[in-house]
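Only one structure is covered here, and it is reproduced in the block below.
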Amino acid sequence: MEFIADFHIHSHFSIATSRELDPEHLDYWGRIKGIKVVGTGDFTHPGWLAELKEKCEPAEAGLLRLKPEYRVNDDGCPSETADNSVRFILSAEISTIYKKGDKVRKVHHVILAPDFETVEKIQQSLSRIGNITSDGRPILGLDSRHLLEIALEASERIFFIPAHIWTPWFSALGDKSGFDTIDDCYDDLASHIHAVETGLSSDPPMNWRCSFLDKYTIISNSDAHSPQKLGREANLFNTELSYSAITDALASGDARQFLGTVEFFPQEGKYHHDGHRKCNISWDPLETARYDSMCPVCGKKVTVGVMNRVMQLADRNEPEKRGNRSPFYSMIPLKEVLSEILKVGPNSKKVTREYHDLIRKAGSEFNVLLHLPLGQIHQVGGEVLAEAIRRMRAGDVHIKEGFDGEFGVIKVFTEDELKKIGGQSFLFDSLFSADSGKKEAKIIEVDQKAKKKTKESVIPFRPEHKKSMSENPLENLNSAQHEAVEHGAGPALIIAGPGTGKTHVLTCRVYNLIHHKNISPDKILAVTFTNKAAGAMRQRLQRMLAEKEQAEPVTISTFHALGYHMLKEQRGRGAGLFEKDSEPVIIDPEDKKQILLKEIGCDKKQFSGVSEAITQAKQNLLGPEKVEDKFVAVFYQKYQDYLSEHHLLDLDDLIFQPVRLLRSDPAILSHYRRQFAWIMVDEYQDVNFAQYQLIRTLMPDVHANLCVIGDPNQAIYGFRGADVRFINQFIRDYPGSRVYKLQTSYRCSDNILQASGQVVAVEESEPASMLQGVQEGVKIQISVHPTDKSEAEFVARTIERMMGGLRFFSMDSDISTGEGTDQEHGFSDFAVLCRVHSQIPALEKAFRDHSIPWQEVKNQSFFKQKTVCDILDILQLTVNPENSYLAQKIKNIKIFNDTKFRKLKKLLEKPQLVKQSLGTIIDVCYSNNEREDSEFLFKELFRHSEDFGDDIQGFLKFVMLGTSIDTYRSDTEQVSLMTLHGAKGLEFNCVFIVGCEDGLLPYSLYQDRRCDRDEERRLLYVGMTRARRFLYLTHAKKRFLQGRHYTLARSPFLETIEKELIETSQSQYQKRTKKPADRQPTLF
DNA sequence: ATGTAGAGGCTTTTT
DNA sequence: GCCTCTACAT
C-alpha cells in the first residue's frame, strides 16, 4: 500500500517541546495530516518508553498502534478508519558531542528500532555513558562511530540515519562541527549507513550535487517539536506495513517501494543563504565567493549558510546526473497557505477554523496538498485555494531566501494579487492567468577555487604529526630546556614549573644519554610516582628512538614498582626476605586493615592510630624494634611477623624493605650501584624520607649522575609523608650540582602564571612567579554566588555557553548566542576542581539538569570495588595457589568455594590471555542472573586487561599498584570533576575551582585537625596552573556540606592576587524555568 | 544470628 | 545528609 511516514519527531520528554506530544495526540494529528507511520521519537527516554508500552499495542510486525481506549476524537479530526489509522515505529534522536582530529564534533543521529527489547538494550548501554533521563534527546560525549556500534550491538536490525546532515552546528556534514563525508563520521562502520536525512534546510537537488551521497537514500522528516508540525517533511512509501518492509525500502531506495519525499522549500530555512542580518546582506554562495566572504557594510566575515556548505562539498553541477533520484514534492504547510490567503497569522482562530473545515471535507492535509484533484479542491476550499495549491504543486512560488538567522519567506501570491483577493472569500472569479512566470531553478556553478581554499583551511593543525621519527627531537627545545637536556655527568636539579615541558625534558635527557653520550640504556633508571607518568615517558622515548627496542633496557618505573622489582630479583637469587620459590604478594590497605583487626587482634578504636604509626615507622625506615611507643611496637612486630610468614608485602614495604636490603648486603648494594649508574627522579618535591634514602643509598657520591626534577610549589602530599625539604636541600646533599630552571610555560597564560605565583609566594620579598607564559590570556574570573547550588549552576551554564550551545533550545535562549568563544571547546576541555569530594554532588546535579556529560575521578579505584576485588583475588590465588593468606581470604568470598577453585585451576592451567582467564573466572563463579548486575564492571575489567596480553603477573601488578587516575579517561568527551589533588599532572583549556572559601581553602572546617596553610596555598597553585586559558574561581556565601550549613568568607588566598589580573562578578543566575513551547525555534 | 534506633563521625591519598 | 558503628532488642 502507499503511505506517508515521518520518523523523526520528539516527545513531551524533550526539552522545549509541546506538552501535547503524547501517543494520543500523535495518533490524532497523524490522522489529520494523513501520516500512516509516525516515529515515536525519544525511545532512549525510560519515561517515554513506559508511556508507549502502556498506551500502545503491537500492530503489524515491528509497528505499534494506539490502544483504542486512548483514542481522541472530536470534530476537528476525521474519526478512525482502516485507511487513516496511525502506526508508530520506534525511533529516537541522539546528539553526540566529542572531539576528533582537534575539532569539536556535534552530530545528531536518528535511530529506528524493531522492538522494545532492542530499545532497552540501547538504553542500558547509553545510560552508562551519559544521562538519558533528563532529555528525550540525550546529549552524549560519544564518538558517532561508537554510538553506531552500540546500536548495532543491540540489534543488527536497527536503522541508523545521520540527522539533518547540513545543519551547521549539529550534523554529520555541518559546517561548524561536522565532517566532509559521511564515511569520516562513522569510520569503519560507515557501511551500515544507508540513508541520510536532509533536514528542513536542504532539498534533494542540493544533495544530488554531492556524488559521495549517491549511495544513500535521501529521506526527510519533520523533527517536530509539537504535533501540529508533524509531517512538515515526510517520506512516501509503497510497501506492506511492517518494520522490515519500511527499513528495506529505506536501505535500497528502490523506486517501486520508496516513492520519494515531501519537502519544505529549503529557502525558508534560517541559514539558507550567506549574509549578515544586521547589514541586510543576503548572498548566494557565488556572490559570497565574489566578495571573498567579506560584508561590504561592516567589513566582517558573513555568516555562511547551508547552501554554501553544500557547494563546498559538491562535485557536480548538474544534480540530475545522480542516478537514483527519488521524486520529491515541495510543499507549504496548509495552514501557511490559508494564512497567506486570509491575511491573518497561521495560528489564528480564523485559519484554524478553515483548516479543520477543510480536513473534514478532504480527509487529511496531505490529501489536499498532494493528491486531491484541483477541481475537488475548488469545490471544498474555493478557487483561490485551488490556485494556491496548483502553484505550489508546480513550484510556481515567490521565494525570499533565509540568511543569518532570518527565516526565508515563500509566498504563493504577489502583493497585488492578494490585494485583489482581499482576504474575504474563496469564491472569486478567475483572477489568475496560468503562466505567472515559473521561476527557473537556479543552478549555481561550483567555484572550484573557492572550494579548494576552504578544504585546505579545514585541515587541522596537529603539532605531533609535524615531528617525524628521523628528526632530531632536541631541536625543538628552548635554550633552558636544551641546557638541562645536555647536562652530562654529575648531579643536577631541574626546577620545572607547570607546563614547562618537564616530562619532555626528562625524556629528551634519556634520549640524549643514549643517543649522543653513548650511555648503555640498561644503566639508566628513571623513577616516577605514577604508573601513568612512567607509561607516558616510555611511550615518548619509544617514539624518539629510531628503533623502539632501544628503549626496552631503560628502567622506567615508579618508586614502588622499582622496590618490588628489586625484592623479587633478589629473592630469585636467594637473598632478601623470602625463600626462593615463594612469590611475594602485595596487599592493599584493606588487607592491612583486616590483618591488623582479625589476625593481630588490634582493637577497632586503636586501629587507625596503629596503622598510621606503622606506616610512619616504615616511611622513616624504622623496624618494630626501633619504635618507642611500646604499644604500637607490639602490634607492629606481630603484623610484620604475620606478613613475612605469609609472604606478603604492604605498600610501605615496597620502599622500606629494599632500603634495608641494600643497607644490609654490600653485594646487593654494589650490584645496583653498578646497574643504575644514571638515575633520574621525577616529582622530586614529593619524595618521602624512605624514598629519599633509597636514592641516597643508591647514589651517595656527591658527584653522582643523579638528575632530579620537580617544583617545590607543587608539593601537596605533605600529609602523606612527602617532604619538600628534600628538594630544597638537594644542592647541599650534592654540593657539586648544577641547577636548571625551566621558566617558560607552554601551558598557562601569563595572567594565570602571575596570579598563581602571587598565591603561592608566602614571603613578601619572594619574587612572584618567575614563569613566563606564551600568551597573555584573558583575565581570571572570580565570582561570588549565593549558595553552592547557584555556584554549580553557574559552572554548568558557563560550560554550556562556552561550548557554543548544546542544543537548539539554548541557542535561541539567552544562555548562548551560538557564537561561543573564539575557540572551539569540547567537554574534555573543562575541569571542575574542588577541595573535598563532598562538594561534587551539587555539581553533578547541575550537570544532569543541563545534560552535560561528566566523569568523576573517584577516590576509590575501579579495582577496589567489591565485585572486581573478588575476581582479582581469585585470579591472584590461581597464580599463587601456595599463598596461605590468599587461600584464607578467598574463603570469605561468597561466590567462591573449593569445588569452583579446583574447576578453575584446571581451566586456567594453560597459559592464556588475561582477558580469557578473567572470563573463565566469571563464568565459573557467577550464575547468569548474578552476572547481569555487574556486566558493565566485567566489560570494564576486560578492557583494562587487554593491554596485558597473557601477562597475568603484569596485570596484577598494575591492579595492585594502580589508582583511580590510571583508569581516568582523558579521551572521552566529558567534563572532568575531581579534587585538586586528583588534578595534578593534568591540564585543561578551562578550569573552574569551586569553593574558594576560608574553611575549604585552606581546609579548616574541623579545627582540631591542624592544616598546613602553605600546603593549601600550593594546592590552589596546582589547581590554577591546570588551566591553559580560562580560569574561574568561585565561592559561595552559603554552603551546604555534610549536612550542615556554613557561611564562609572568601578564601584569603584570593586576596593575594593583584586586582589587574582578575575580573569579579556576582552570580546572575536564577533558577532555570522551562520556556513556553511557543518560543521554540521553528526551523529545526 | 539479625534488625534497628540513635549517636557520632566526617580532608586531601601519586603507590 | 549519609554512612558506620554500637547497643540493645528480637
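Chain naming here is simple, since letters A, B, ... match the order of the sequence lines and numbering starts at 1 in each.
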Using whole Å, report how far CG of A/D686 lies from P of B/dT12.
18 Å
For A/E1055, check salt bridge (Lys or Arg N to Asp or Glu O under 4.0 Å) against everything at least two apart and list the hits.
A/R1050
Rounded off to whole Å, could you give me the CG-to-P distance for the A/L980 and B/dT13 pair?
10 Å
After noting the C-alpha distance and the side-chain angles of A/Y746 and A/H504, does the key distance pass the ring pair (Phe, Tyr, Trp, His ring centres under 6.0 Å) rule?
CA-CA 12 Å; A/Y746 295 96; A/H504 188 57; 9.5 Å; no
Euclidean distance, atom OH of residue A/Y1046 to atom P of B/dC10 [Å, nearest integer]
11 Å
Per the under-4.0 Å heavy-atom filter, residues of residues 718-728 of chain A near DNA chain C come out as none
Atom CZ of A/F529 and atom C1' of B/dT13: how far apart are they, to the nearest Å?
13 Å
Atom pair distance, as rounded to whole Å: CG in A/L597 and C1' in C/dC5:
13 Å
Could you give the CD1-to-P distance, from A/I840 to B/dT11, as a whole number of Å?
13 Å
Is the closest side-chain donor-acceptor distance between A/D733 and A/Y692 under 3.5 Å?
yes
So, is A/T979 close to the B/dT13 phosphate, meaning a side-chain N or O under 4.0 Å from OP1 or OP2?
yes
Does a nitrogen or oxygen in the side chain of A/H837 sit under 4.0 Å from OP1 or OP2 of B/dC10?
no
Between P of C/dC5 and CZ of A/F607, the distance in whole Å
11 Å
Taking only residues two or more places apart in sequence, or in another chain, which ones meet A/T1056 in a side chain to side chain donor-acceptor pair (under 3.5 Å)?
none
I'd like to check the salt bridge (Lys or Arg N to Asp or Glu O under 4.0 Å) partners of A/R848; sequence neighbours left out, ordered by chain and number.
none
Rounded interatomic separation in angstrom, taking CG from A/L1005 and P from B/dG9
16 Å
Distance only, no hydrogens: is a donor on one side chain within 3.5 Å (strictly under) of an acceptor on the other, for A/Y564 and A/Q657?
no
Among B/dT14, B/dT13, B/dT11, find the nucleotide with the atom closest to the side chain of A/Y1003.
B/dT11
Using 30° and 60° as the class limits, which term best fits the ring planes of A/H981 and A/F719: parallel, tilted or perpendicular?
perpendicular
Applying salt bridge (Lys or Arg N to Asp or Glu O under 4.0 Å) as the test, list every pair that has at least one member in residues 707-724 of chain A; sequence neighbours left out.
A/D723-A/R725
Detail all sub-3.5 Å separations between protein N/O atoms and N/O atoms belonging to nucleotides 1-3 of chain C.
unit_1	atom_1	unit_2	atom_2	d
C/dG1	O6	A/Q1042	O	3.4
C/dG1	N1	A/Q1042	O	3.1

A/S608 and A/S611 side chains, donor-acceptor separation under 3.5 Å:
no
